[in-house]
Amino acid sequence: MTEIKFWRGFFSILLVISLLFFIFHVWAVILPFAFGIIIAYLVNPLVDNLAAMGLKRSRVVLILYLILLGAGIMLAMTLIPSLIKEANAAVKELPAYTTAIDDLITKANGEIQKFIKPIFKSKSDVIAIPFAAQKFIDSLIPQLPQKILGVAHAGLWIIIIPFVSFFALSHGKSWIDIIFDSTPSEYVENLLGFMAELNATLGGYVRGLIIESLCVGLLTIAGLWAMGIKGAVLLGVITGLVNFVPFMAPLLGGGLALLTAYFQFKSFSVLVGIALLFIGVRLFDDFVLIPFVVGSSVHLHPVIMVFAILAGVEVAGFIGLVFAIPVAVVIKVFLSVALRHRKERLMFRHEHVYS
Amino acid sequence: MNLSFYRLIKKLFNDENHGEEMSFLRGVPIFFGLSSHQLGRIMQAIQKRKYYAGEILFQEGQIGKAVFIIKTGRVELVKNVPEGGEPRLLGNLGPGQIFGEMALLEHRPRTASARVVEDGEIFLLYTATLEALLKNHPAIGVKLMRNIAVMLSALLRRTNQELENQKKS
């Protein structure tokens, strides 16, 4: 019996390691499929709601997709031209911006030198801001062909993601039924209990997180647009995207908005206005969106957060940075549900009720 | 014209299985008094599985996490006795009957084992799924809890009656 247990455990571990190895190697291929399934998971409550009225699931999904496709095309028609226009304008103005930033840094370095030269004498040259915007941009240019290829790859994603999510939504329940039909009967209750707990904890959290990021992005676009900042849409989209990463939205989004506004207006009052806008959005996020929209008690330790972000960047670059925290939360909930199940089993292992 | 268009739309979108499953669930005591839409929501939360004779649904002592509703087939509930004797048969349940409902109220070990004695389909409703549903739709929760209270009260009455009968004999 013990030997059987050992070999079962050994092969289970071997299977998990092989699976992880496989995932690691085909990560780029798996990613659009994973996104498709995530989108299906997010839209599922809406489909469930309509199916609860007695409507055929496959037809509901088809109609929903036609509506979403229409809305997506409309959104793309309004947002993408603005984004392209703003990106083009940013590229055109880039040399002026880099020169201005380099001038600012040279000036700042000069001021620093004036102050520290009497103290550090000849060694004072070591202390300076080691950043040159032009050099940084020049280092990015050789990577451009690769980035363009990345965009072409993204074109394939636009086809794969809706395709996968459509089938996951319309056949989702029957796939789950197949899994349960092939699970030994005595494990069905535990397996489904485990999945139900994961779904109950994570479903609301992940959906809330996406709505939160969408609100933050839209509020930022509205605020920057009202102030007349160039590139409001681009800045809002960036702020919304990086909102998954703690403090990144005000730091990256706010930092870029401040730089843009400085070069556009050269006025201190606008900078204060932008700072107030980002503080306001942050407060709204903390006191309204998180408690009422996300509303979940899933928390991560800051050390885990930093580790998750670094690991995310290492594995999948920018996408890894954006999705590191949600993925870490999924892993945390998965582990805590598994541990709770084990604890319950141990707690009651001697308890049999005889009446 | 309008009527035939409506019929066409209804035919295109109407899920035939939905009505059949709903009329079955309407007859299950725990769902008494729920509206069609509320029952529809419960149906989305339910997991179905085919079972075959001899399969074990749960063992005595295992932590209860779901309530089981028999759609077709038969299930036997048996209880071990402390001295290690022959397990005692508590009941033989059939279509429309429900068991394991205490899992909805508490995370405690099962007090009996359940074994399939005739092939069939069983609906499983998980505590965690139900709790998430009740959080969003408390009206369903109020009706379900009332029905569970009625079922428990009936069970208590029956147990009292059995005790009285035992005392008399």
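Just so we're on the same page: letters track the sequence lines, and every chain starts at 1.
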With a cut-off of 6.0 Å (strictly less than), are more than 12 heavy atoms of other residues, nucleotides or ligands near CZ of Phe33(A)?
no
Is Phe68(B) in contact with chain A via its backbone, its side chain, both, or neither, using a 4.5 Å heavy-atom distance?
side chain
At a 4.5 Å cut-off on heavy atoms, which part of Leu50(A) comes close to chain B: side chain, backbone, both, or neither?
neither
Within 6.0 angstrom of Lys50(B) NZ, more than 12 heavy atoms from elsewhere:
no
Heavy-atom side-chain proximity of Asn49(A) to Arg41(B) below 4.5 angstrom
yes
Are side-chain heavy atoms of Tyr51(B) and Asp181(A) found at a separation under 4.5 Å?
no
Decide if atom CZ of Arg26(B) counts as having more than 12 heavy atoms of other residues, nucleotides or ligands within a radius under 6.0 Å.
yes
Looking only at Met43(B), His18(B), Arg49(B), the option with the highest number of non-hydrogen pairs under 4.5 Å against chain A is Arg49(B)
Give the intermediate values and the outcome of side-chain contact (heavy atoms from CB on, under 4.5 Å) for residues Asp15(B) and Arg57(A).
CA-CA 8 Å; Asp15(B) 185 356; Arg57(A) 199 175 176 88; 5.9 Å; no
In terms of heavy-atom contacts, does CZ of Phe163(A) have more than 12 from other residues, nucleotides or ligands at under 6.0 Å?
no
Look at His37(B), Gln47(B), Lys48(B) and state which one has the largest set of heavy-atom pairs under 4.5 Å with chain A.
Gln47(B)
Where on Thr183(A) is there a heavy atom nearer than 4.5 Å to chain B: the side chain, the backbone, both, or neither?
backbone
With chain A as the partner, which of Lys65(B), Gln44(B), Glu21(B) has the greatest number of non-hydrogen pairs under 4.5 Å?
Gln44(B)
So if I apply the side-chain contact (heavy atoms from CB on, under 4.5 Å) rule between Val188(A) and each of Leu124(B), Ile56(B), Leu57(B), which one comes out positive?
Leu124(B)
